Amino acid sequence: QVQLVESGGGLVQAGGSLRLSCAASGRTFSNYGMGWFRQAPGKEREFVAAINQSGGVTSYTSSVKGRFTISRDNAKNTVYLQMNSLKPEDTAVYYCAKHSGLGIASSLTSYGYWGQGTQVTVSS
């Protein structure tokens with residue numbers, strides 16, 4: 001059983017930065033890709049970023065490219081999402097998720113374990 005715990009969310013003004021962390025339990029963290037998703041009120045959960053097992057391959061949704069950076073520290077069983085130049089439209093609950101297989105993916109159905117989410121609110 002894998003447990004994922006997100007932290008680092010909060011309230012920030014537009015143009016500001018936040019760094020989300022996701023701590024994973026278990027000994028096989030380095031064997032799987034990880035992803036970040038978000039869900040705004042009244043909207044479906046959407047893909048934000050993904051990273052492969054080693055951290056050498058990443059993928060982003062177009063709206064966050066150049067502003068967000070996903071990274072991981074396999075020694076600490078932790079994946080991060082550095083968010084810069086935040087916009088009000090980035091407001092959402094952010095979830096980290098563990099890929100069910102190798103590599104990276106943007107589809108929700110490719111992820112078998114999810115954290116409880118952390119709220120990010122960007123004021124204008």
Side-chain angles (χ1 to χ4, degrees):
Q1 188 76 4
V2 174
Q3 288 188 324
L4 303 173
V5 180
E6 302 98 333
S7 61
L11 174 64
V12 64
Q13 288 188 333
S17 298
L18 283 174
R19 187 195 197 201
L20 305 183
S21 299
C22 173
S25 64
R27 299 180 180 180
T28 61
F29 177 77
S30 60
N31 291 350
Y32 295 93
M34 297 293 294
W36 284 97
F37 292 77
R38 65 186 179 187
Q39 187 166 16
K43 295 188 177 181
E44 295 184 351
R45 193 170 299 188
E46 64 173 359
F47 170 75
V48 176
I51 189 166
N52 75 334
Q53 304 92 292
S54 67
V57 180
T58 58
S59 177
Y60 300 90
T61 191
S62 58
S63 62
V64 308
K65 281 182 180 177
R67 300 188 298 123
F68 290 12
T69 302
I70 188 171
S71 62
R72 65 190 297 162
D73 185 337
N74 286 340
K76 296 182 178 179
N77 278 19
T78 301
V79 62
Y80 305 97
L81 185 68
Q82 177 67 45
M83 305 186 295
N84 298 329
S85 301
L86 282 161
K87 304 175 181 181
E89 51 263 44
D90 294 318
T91 295
V93 177
Y94 283 71
Y95 300 89
C96 74
K98 174 180 165 291
H99 191 207
S100 300
L102 302 178
I104 59 175
S106 61
S107 169
L108 273 73
T109 58
S110 297
Y111 293 82
Y113 292 93
W114 295 81
Q116 82 290 348
T118 186
Q119 177 70 48
V120 171
T121 303
V122 184
S123 63
S124 58

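If you read the sequence from its start, that first residue is 1, and numbering goes on from there. Predicted, not measured: the structure shown is a model, and the values here were computed from it.
- Using modelled atom types, one side-chain atom of R67 and one backbone atom of S85 make a donor-acceptor pair closer than 3.5 Å.
- Taking the six-membered ring where tryptophan is involved, the planes of Y111 and F37 are perpendicular, since the angle between them exceeds 60° and thus also 30°.
- V79 is listed as a side-chain neighbour of I70, based on a closest heavy-atom distance under 4.5 Å.
- The two atoms that bring A40 and A92 nearest to each other are N-CB, 3.8 Å, heavy atoms only.
- Under the 4.5 Å side-chain contact rule for hydrophobic residues, F29 and L20 share a cluster.
- One N or O on the side chain of S100 and one on the backbone of S110 form a donor-acceptor pair closer than 3.5 Å.
- Summarising the geometry of C22 relative to M34, their closest heavy-atom pair is SG-CE, 4.4 Å, with the distance given to 0.1 Å.
- Using a 4.5 Å cut-off on side-chain heavy atoms (C-beta onward), Y80 and D73 make contact.
- In this structure a side-chain-to-backbone donor-acceptor pair under 3.5 Å is present from T91 to V122.
- Shortest non-hydrogen contact noted between N84 and S17 is OD1-OG, 2.9 Å.
- With rounding to the nearest 0.5 Å, the separation of CZ in R72 from SG in C96 is 11.0 Å.
- A cation-pi arrangement is found for K98 relative to Y32, the charged atom lying closer than 6.0 Å to the ring centre and inside a 45° cone about the ring normal.
- In this structure a side-chain-to-backbone donor-acceptor pair under 3.5 Å is missing from N74 to S30.
- Considering every non-hydrogen atom in both F47 and A105, the closest pair reads CE1-O, 3.6 Å.
- Counting non-hydrogen atoms of other residues, nucleotides and ligands closer than 6.0 Å to CD of Q3 gives a total of 12 or fewer.
- Closest non-hydrogen pair, L4 versus A24, comes out as CD2-CB, 3.5 Å.
- T28 OG1 to N77 CG: the interatomic distance, rounded to the nearest 0.5 Å, is 8.5 Å.
- One hydrophobic cluster holds both V120 and V48 under the rule that ILVMFWY side chains link at heavy-atom gaps under 4.5 Å.
- Here the side chain of E6 pairs a donor or acceptor atom with the backbone of G117 at under 3.5 angstrom.
- Note that the OG atom of S63 and the CG atom of D90 stand 7.0 Å from one another [nearest 0.5 Å].
- In terms of hydrophobic clustering, with Ile, Leu, Val, Met, Phe, Trp and Tyr side chains grouped at heavy-atom distances under 4.5 Å, V93 and L18 are assigned to different clusters.
- The distance from atom OG1 of T118 to atom CG of L81, rounded to the nearest 0.5 Å, is 11.0 Å.
- R19 contributes atom CZ, which lies 11.5 Å from atom CE of M83 (distance to the nearest 0.5 angstrom).
- Counting heavy atoms from C-beta outward, E46 and T61 have side chains that stay 4.5 Å or more apart.
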Checklist entry - Passes ring pair (Phe, Tyr, Trp, His ring centres under 6.0 Å), F68 versus W36? Steps please. => result CA-CA 11 Å; F68 290 12; W36 284 97; 10.0 Å; no

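- Taking OG from S25 and OH from Y113, the interatomic distance works out to 9.5 Å, rounded to the nearest 0.5 Å.
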